[in-house]
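Scroll down for the structure; my scribbles are underneath it.
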Amino acid sequence: LAKQKGKNNYQFYNDQLNEKVKRRLYLENALRKSIENNELTLYYQPQVELSTRKLVGLEALLRWNLEDEHVSPAEFIPIAEKTGLIVPIGEWILREACRQISRWKDHPYLHVPVSVNVSARQLVEPSFTKRIYQILMEESIDPKYLKLEITESVMMDIEDSTSIVEELHALGLKIAIDDFGTGYSSLHLITSLDFETLKIDKTLVDIHNKRKMHVLKAIIQSMDRPVVIEGIETEEEFQVLKDFNAIGQGYYFARPLPPEKL
Ligand code: C2E
Ligand code: MG
Ligand code: MG
Ligand code: MG
């Protein structure tokens, strides 16, 4: 019986693995054609000043509609990174975001900085800053309307993140450290690296956890630049956080939306 069961378990494990591999290969293939097939779109999520609820920025978030299936970035971004497809896709994202900034140029409310997420793989491309410069020129965008979100862990992993950030600043771009609080949260990083915005990850935002609230408050008070609190979902959270002198982003204000719905 045990032998039988063991075999079944193995079979089960094997089937699951096969499904996983098949799914990854399917997505990888589809991802290669996704740009040409116009399956990629950017949604934008508002960032609001908590004290006034004024819109102060938008984060561009990639959406992929593959044959009526919505594939989550959490599933396909890692595949895009591993295969290197994030490089051409990332360029498409940057260009599309710049085009949108340009379309909003005369808009009474939406002419605000747009944040774009960038992966490690994109940052270490030797031609990364040059390509951004070309895109900025071609789309004739004022660079101060483009902010690049780089996660804390990527900043730590990349050897010359300081010089890459310097180059990006020289182009006039702004930098945000994303997902702060999920990695090692090094004091060295936030005291030595030059950046405009710190984004605190939603895992650190837990209004019923006193210690987390103290840490959150302390980080905001010690920062001489804007802090974005991610993942605000409820009225209750908003009430607690509204006097924290920060910017908020989360479903409570708005989900990521296509431009026409903003
Ligand atoms: P992220 O940059 O930290 O983006 C924030 C994520 O939190 C987004 O998920 C957003 O939809 C979600 N979110 C916003 N408000 C709330 C809230 O109130 N509650 C909860 N539970 N979630 C909220 P999304 O769009 O699924 O993206 C996941 C991650 O995928 C992003 O995390 C980012 O790391 C990556 N990603 C998304 N778009 C891009 C892109 O264009 N390029 C790259 N390289 N990465 C991207
Ligand atoms: Mg982000
Ligand atoms: Mg984040
Ligand atoms: Mg994240």
Side-chain angles (χ1 to χ4, degrees), residues 27 31 34-35 39-48 50 57-65 69-101 113-125 128 131-132 135 146-155 157-158 174-183 185 195-207 226-238 240-241 246-258 261-262:
L27 291 180
L31 208 47
S34 61
I35 297 179
E39 292 162 349
L40 300 178
T41 45
L42 288 182
Y43 276 33
Y44 298 86
Q45 187 177 33
Q47 300 176 328
V48 306
L50 288 172
L58 294 160
E59 179 178 14
L61 291 157
L62 189 59
R63 292 293 176 262
W64 185 20
N65 281 308
E69 179 195 1
H70 166 77
V71 191
S72 158
E75 186 177 15
F76 74 80
I77 294 282
I79 299 174
E81 281 169 356
K82 219 173 272 167
T83 54
L85 285 165
I86 195 66
V87 174
I89 290 174
E91 257 201 59
W92 179 88
I93 294 167
L94 281 162
R95 189 174 293 279
E96 183 55 33
C98 286
R99 287 201 175 133
Q100 194 56 65
I101 291 167
V114 171
S115 298
V116 172
N117 294 283
V118 290
S119 299
R121 192 72 185 253
Q122 288 174 273
L123 280 176
V124 299
E125 277 290 300
F128 182 66
R131 290 299 298 142
I132 293 199
I135 294 171
L146 186 63
K147 192 181 281 186
L148 300 186
E149 292 196 2
I150 305 169
T151 64
E152 180 192 11
S153 44
V154 165
M155 289 287 199
D157 288 350
I158 293 184
K174 296 204 163 70
I175 305 292
I177 298 185
D178 201 0
D179 297 354
F180 187 77
T182 56
S185 304
F195 60 91
E196 281 65 41
T197 306
L198 187 70
K199 296 192 74 181
I200 314 246
D201 192 75
K202 53 181 170 284
T203 53
L204 211 73
V205 185
D206 179 357
I207 55 165
V227 172
V228 176
I229 303 175
E230 297 192 274
I232 301 178
E233 294 182 347
T234 64
E235 170 73 33
E236 193 193 6
E237 287 173 333
F238 171 66
V240 173
L241 300 168
I247 293 162
Q249 185 179 342
Y251 298 162
Y252 174 67
F253 304 106
R255 295 208 165 233
L257 295 165
K261 293 240 170 85
L262 275 170

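Each ligand, and each atom within it, is numbered from 1 in the order the structure gives.
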Checklist entry - Side chain, backbone, both or neither: which part of Lys202 has a heavy atom under 4.0 Å from ligand 1? => result side chain
Checklist entry - Does any non-hydrogen side-chain atom of Asp178 lie less than 4.5 Å from one of Glu230? => result yes
Next on the checklist: For Ile93, which part has a heavy atom under 4.0 Å from ligand 1: side chain, backbone, both, or neither?
Outcome noted: side chain
Checklist entry - Within less than 4.0 angstrom of ligand 1, does Ala74 place any heavy atom? => result no
Checklist outcome for this item: Of Asn117, Leu42, Thr151, Ile150, the one whose closest heavy atom lies nearest atom 33 (C) of ligand 1 is Asn117
Checklist entry - Hey, is there an N, O or S on Thr151 sitting under 2.8 Å from the Mg ion (ligand 2)? => result no
Item to check | Separation between CG of Leu85 and CG of Leu27, rounded to the nearest 0.5 Å | outcome: 11.5 Å
Next on the checklist: Testing the 3.5 Å rule here: is there a donor-acceptor pair between the side chains of Gln47 and Glu59?
Outcome noted: no
Checklist entry - Taking all non-hydrogen atoms of both residues, which atom of Gln122 and which atom of Asn117 are closest, and how far apart? => result OE1-O, 4.2 Å
Item to check | Subset of ligand 1 atoms that lie under 4.0 Å from at least one heavy atom of Gln45 | outcome: 14 (C), 15 (N)
Checklist outcome for this item: If we number the atoms of ligand 1 from 1 as shown, the ones under 4.0 Å from a heavy atom of Ser119 are 44 (N)
Checklist entry - Any idea which atoms of ligand 1 are less than 4.0 Å away from a heavy-atom of Pro256? => result 11 (O)
Item to check | Residue portion contacting ligand 1 (non-hydrogen atoms closer than 4.0 Å) for Glu59 | outcome: side chain
Checklist entry - Are Ser119 and Glu81 close enough that a side-chain donor and a side-chain acceptor fall under 3.5 Å? => result yes
Checklist entry - Would Arg131 count as a cation-pi partner of Phe128, with NZ or CZ less than 6.0 Å from the six-membered ring centre and within 45° of the ring normal? => result no
Checklist outcome for this item: Taking every heavy atom of Val124 against every heavy atom of Ile158, the minimum-distance pair comes out as CG1-CD1, 3.9 Å
Checklist outcome for this item: Under 4.0 Å from one or more heavy atoms of Glu233, ligand 1 contributes atoms 17 (C), 18 (O), 19 (N), 20 (C), 21 (N)
Checklist entry - Heavy-atom contacts under 4.0 Å between Leu62 and ligand 1: side chain, backbone, both, or neither? => result both
Item to check | Glu81 N/O to ligand 1 N/O under 3.5 Å | outcome: no
Next on the checklist: Assess, by modelled atom type and distance only, whether the side chains of Tyr252 and Glu237 contain a donor and an acceptor separated by less than 3.5 Å.
Outcome noted: no
Next on the checklist: If I consider every N, O or S atom in Glu149, which one ends up closest to the Mg ion (ligand 2)? I only need its name.
Outcome noted: OE1
Checklist entry - Does any N or O in the side chain of Gln249 come within less than 3.5 Å of the main-chain N or O of Ile232, such that one atom is a donor and the other an acceptor? => result no
Checklist entry - Taking C-beta and beyond as the side chain, do Ile247 and Thr197 meet within less than 4.5 Å on heavy atoms? => result no
Checklist entry - Quick check: does Asp179 have an N/O/S atom under 2.8 Å of the Mg ion (ligand 2)? => result no
Next on the checklist: To 10 degrees, how wide is the angle OD2 (Asp178) to the Mg ion (ligand 2) to OE2 (Glu59)?
Outcome noted: 170°
Item to check | Glu230 touching ligand 1 at heavy-atom level, < 4.0 angstrom | outcome: yes
Checklist entry - Does a salt bridge link Glu196 with Lys147, judged by any charged N lying under 4.0 Å from a carboxylate O? => result no
Checklist outcome for this item: Correct closest heavy-atom pair for Ile93 and Leu42 would be O-CD1, 3.6 Å
Checklist entry - Does ligand 1 have any atom that is closer than 4.0 Å to a heavy atom of Ser72? => result no
Checklist outcome for this item: A student comparing Thr234, Asp201, Val116, Leu61 should find that the heavy atom closest to atom 4 (O) of ligand 1 comes from Leu61
Next on the checklist: Below a 4.0 angstrom heavy-atom separation, can you tell me which part of Arg255, side chain or backbone, both or neither, approaches ligand 1?
Outcome noted: neither
Next on the checklist: Please report whether ligand 1 has a polar contact with Gln249, defined as an N or O pair separated by less than 3.5 Å (distance criterion only).
Outcome noted: no
